[in-house]
Amino acid sequence: MTITTLDTPSAKPLLDWYDRHHRDLPWRVAPGMAARGVKADPYRVWLSEVMLQQTTVQAVKPYFERFLQRWPEVTDLAAAETDAVMAAWAGLGYYARARNLKKCAEAVANEHGGVFPDTEEGLRSLPGIGDYTAAAVAAIAFDRQAAVMDGNVERVISRLYAIATPLPAAKPAMKQKVALLTPADRPGDFAQAMMDLGATICTPKRPACSLCPFRGACKALKLSDPELFPVKAAKKEKPVRYGAAFIAVTADGEILLRRRVDSGLLGGMTEVPTTAWTARIDGETSAAAAPFAAAWQASGTVIHVFTHFELRLSIWRAAIATKIDRNDGWWEPVTNLEAQALPTIMKKAIAAAIPLAFKTSKG
DNA sequence: TAATCGTGGTA
DNA sequence: TTACCAAGATT
């Protein structure tokens, strides 16, 4: 008997658990189908995996359905207008994902004959596909024995082996454990089972260990408290930045919009004119920083929390009698804002100035 | 390696 | 209310 066998639980109890308790999701096929020659559509798997990066299943579902309805095949997405893709992605966050999604679709359509590469290495070379997504698509869509490790799997593995090394330093060791656990038979189901286990049983808080197929093998459960794992490096404090946003409204109900540069925060997305977002309260939050002179009226403050800073945006509104010609933007009817590539912070800013701009406005 | 990059839900 | 975090990738 090898050390590997002594140290590595069987995947069988997990697959049995998955057969009974798997989540039904729009991009999935039923468990065990791969063995009968029925594989998930690589386009659907890839699209869902990119959308699910750092994003909840609940948030992804409606976006996934809309994308699939509008662009049923990867070649359809490749042929789409980038602005249309950005507008469809608006609200989902991490907008570089949308730009890379489009680039990836184009690469598949133009350089791979419209067919996704069926190996982890081939997938990994495409835009927006990193270690996790390459392994996930390879395993789920192509039945490859790839080691799939996301945040769920990290949590399960860290507990199963009581790994005391903090993340992200522990990742390579964890990946090795996943590779040893991943079976040659049903690797795609195994990957999805590990993620479902992490999402529903081996949760960050109050895990349901009594229902876990690994309860007999889990070192954290035996030696310590599973909730103490994974150990993570301390997080940095979020700084606060300040700025102002300007909503200019014409008599016939149009507002001034412009396009952000392709790189960086909210890259390529649509915005109302704003100042730079600086670390201190100063003149940049006042009407003096507006793109042009008008009777700017204070319309409150919008607070929005990004990944690495908090933004406090002073909102200014002005009624514009004569539409000023702008070469750095365009006038858009308020009735057509839903079709724009407006990130959530911009919808909040507009809603603060024009409460009825969006049906779903939370004021 | 560390910083950057959104948003909404939950306890 | 605050803190955490959810199927990470890129630079």
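Predicted model, so just to flag it, every value in this text is computed and none were measured. Letters go in sequence order (proteins before strands), and every chain restarts at 1.
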Colleague: Is there, by distance only and without an angle test, a donor paired with an acceptor across the side chain of T55(A) and the base of dG6(B) below 3.5 Å?
Modeller: yes

Colleague: Would you mind classifying the nucleic acid contact of R23(A) as base, sugar-phosphate or nothing, using non-hydrogen atoms under 4.0 angstrom?
Modeller: base

Colleague: Take the protein atom CD of Q58(A) and the nucleotide atom P of dG9(B), then report the distance between them rounded to whole Å.
Modeller: 6 Å

Colleague: For a quick test of reading the model: is some side-chain N or O of H304(A) closer than 4.0 Å to OP1 or OP2 of dG6(B)?
Modeller: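 No, H304(A) has no side-chain N/O under 4.0 Å of OP1/OP2 on dG6(B).
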
Colleague: Given atom NZ of K175(A) and atom P of dG8(C), what is their separation to the nearest angstrom?
Modeller: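 Distance, rounded to whole Å: 13 Å.
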
Colleague: Can you give me the closest heavy-atom contact between L342(A) and L257(A), atom names plus distance?
Modeller: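 Nearest heavy atoms, L342(A) then L257(A): CD2-CD2, 4.4 Å.
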
Colleague: At under 4.0 Å between heavy atoms, what does L92(A) touch on the DNA or RNA strands: base, sugar-phosphate, or nothing?
Modeller: base

Colleague: Go nucleotide by nucleotide along DNA chain B from the 5' end; which of T307(A) and P168(A) gets its closest nucleotide reached first?
Modeller: P168(A)

Colleague: Mind jotting down which residue pairs meet the ring-ring contact (aromatic ring centres under 6.0 Å, His included) criterion with at least one end in residues 183-238 of chain A? Sequence neighbours excluded, please.
Modeller: none

Colleague: Report all interatomic pairs (protein N or O, nucleotide N or O of nucleotides 1-5 of chain C) with separations under 3.5 Å.
Modeller:
unit_1, atom_1, unit_2, atom_2, d
dC5(C), OP2, K235(A), NZ, 3.2

Colleague: If I pick the P atom on dA9(C) and the same atom on dG8(B), what distance separates them, to the nearest angstrom?
Modeller: 22 Å

Colleague: Taking OP1 and OP2 of dG8(C), is either one under 4.0 Å from a side-chain nitrogen or oxygen of Q53(A)?
Modeller: no

Colleague: For L25(A), which contact category applies under a 4.0 Å heavy-atom criterion: base, sugar-phosphate, or nothing?
Modeller: base

Colleague: Side chain of R44(A), backbone of A40(A): donor and acceptor closer than 3.5 Å?
Modeller: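 Side chain of R44(A) to backbone of A40(A), a donor-acceptor pair under 3.5 Å: no, none is there.
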
Colleague: Could you state the CE-P distance from M346(A) to dG6(B), rounded to the nearest angstrom?
Modeller: 11 Å

Colleague: Considering just the side-chain nitrogens and oxygens of H308(A), establish if one lies under 4.0 Å of OP1 or OP2 belonging to dA3(B).
Modeller: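 Looking at the OP1 and OP2 atoms of dA3(B), neither is under 4.0 Å from any side-chain N or O of H308(A).
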
Colleague: Measure the distance from NZ on K347(A) to C1' on dG6(B) and round it to the nearest whole Å.
Modeller: 13 Å

Colleague: Please classify the nucleic acid contact of W27(A) as base, sugar-phosphate, or nothing, using heavy-atom distances under 4.0 Å.
Modeller: base

Colleague: My understanding is that only residues two or more places apart in sequence, or in another chain, count here; which of them pass salt bridge (Lys or Arg N to Asp or Glu O under 4.0 Å) with K348(A)?
Modeller: none

Colleague: May I have the distance from F309(A) (atom CZ) to dG6(B) (atom C1'), rounded to whole angstrom?
Modeller: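 Interatomic distance, CZ of F309(A) to C1' of dG6(B): 10 Å.
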
Colleague: How many whole angstroms separate atom CE of M149(A) from atom P of dG8(C)?
Modeller: 11 Å

Colleague: Short question: side chain of R23(A), backbone of T200(A) - any donor-acceptor pair under 3.5 Å?
Modeller: no

Colleague: Parallel under 30°, tilted from 30 to 60°, perpendicular over 60°: which one fits the rings of F309(A) and W277(A)?
Modeller: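 It falls in the tilted class, 30° to 60°.
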
Colleague: Base, sugar-phosphate, or nothing: which does G264(A) touch, judged by heavy atoms less than 4.0 Å apart?
Modeller: sugar-phosphate

Colleague: Please identify each residue that fulfils salt bridge (Lys or Arg N to Asp or Glu O under 4.0 Å) with R144(A), with sequence neighbours left out.
Modeller: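 Only D118(A) meet the salt bridge (Lys or Arg N to Asp or Glu O under 4.0 Å) criterion with R144(A).
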
Colleague: What ring-ring contact (aromatic ring centres under 6.0 Å, His included) pairs are there with at least one residue in residues 100-120 of chain A, not counting sequence neighbours?
Modeller: W46(A)-F116(A)

Colleague: How many Å lie between CE on M51(A) and P on dG6(B), as a whole number?
Modeller: 16 Å

Colleague: Have a look at G198(A) and say if it touches a base, only the backbone sugar-phosphate, or nothing, with a 4.0 Å heavy-atom cut-off.
Modeller: nothing

Colleague: Take the protein atom OH of Y94(A) and the nucleotide atom C1' of dG6(B), then report the distance between them rounded to whole Å.
Modeller: 6 Å

Colleague: Tell me if the aromatic rings of H308(A) and F306(A) count as close, with their centers under 6.0 Å from one another.
Modeller: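 No.
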
Colleague: Using the six-membered ring wherever Trp is involved, compare the ring planes of F292(A) and W296(A) and label them parallel, tilted or perpendicular (cut-offs 30° and 60°).
Modeller: tilted

Colleague: Just checking V50(A): base, sugar-phosphate only, or nothing, at a heavy-atom cut-off of under 4.0 Å?
Modeller: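 No contact at all - V50(A) keeps every heavy atom at 4.0 Å or more from the nucleic acid.
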
Colleague: Considering only atom P, compute the distance from dA6(C) to dT4(B) and round it to an integer number of Å.
Modeller: 22 Å

Colleague: Starting at the 5' end of DNA chain C and moving along, which residue's nearest nucleotide shows up first, N100(A) or S48(A)?
Modeller: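 Looking at DNA chain C, the more 5' nearest nucleotide goes with S48(A).
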
Colleague: Counting only heavy atoms not in K12(A) (residues, nucleotides, ligands), do more than 12 fall under 6.0 Å from its NZ?
Modeller: no

Colleague: Where along residues 126-134 of chain A does a heavy atom fall under 4.0 Å from DNA chain C?
Modeller: P127(A), G128(A), I129(A), G130(A), D131(A), Y132(A), T133(A)

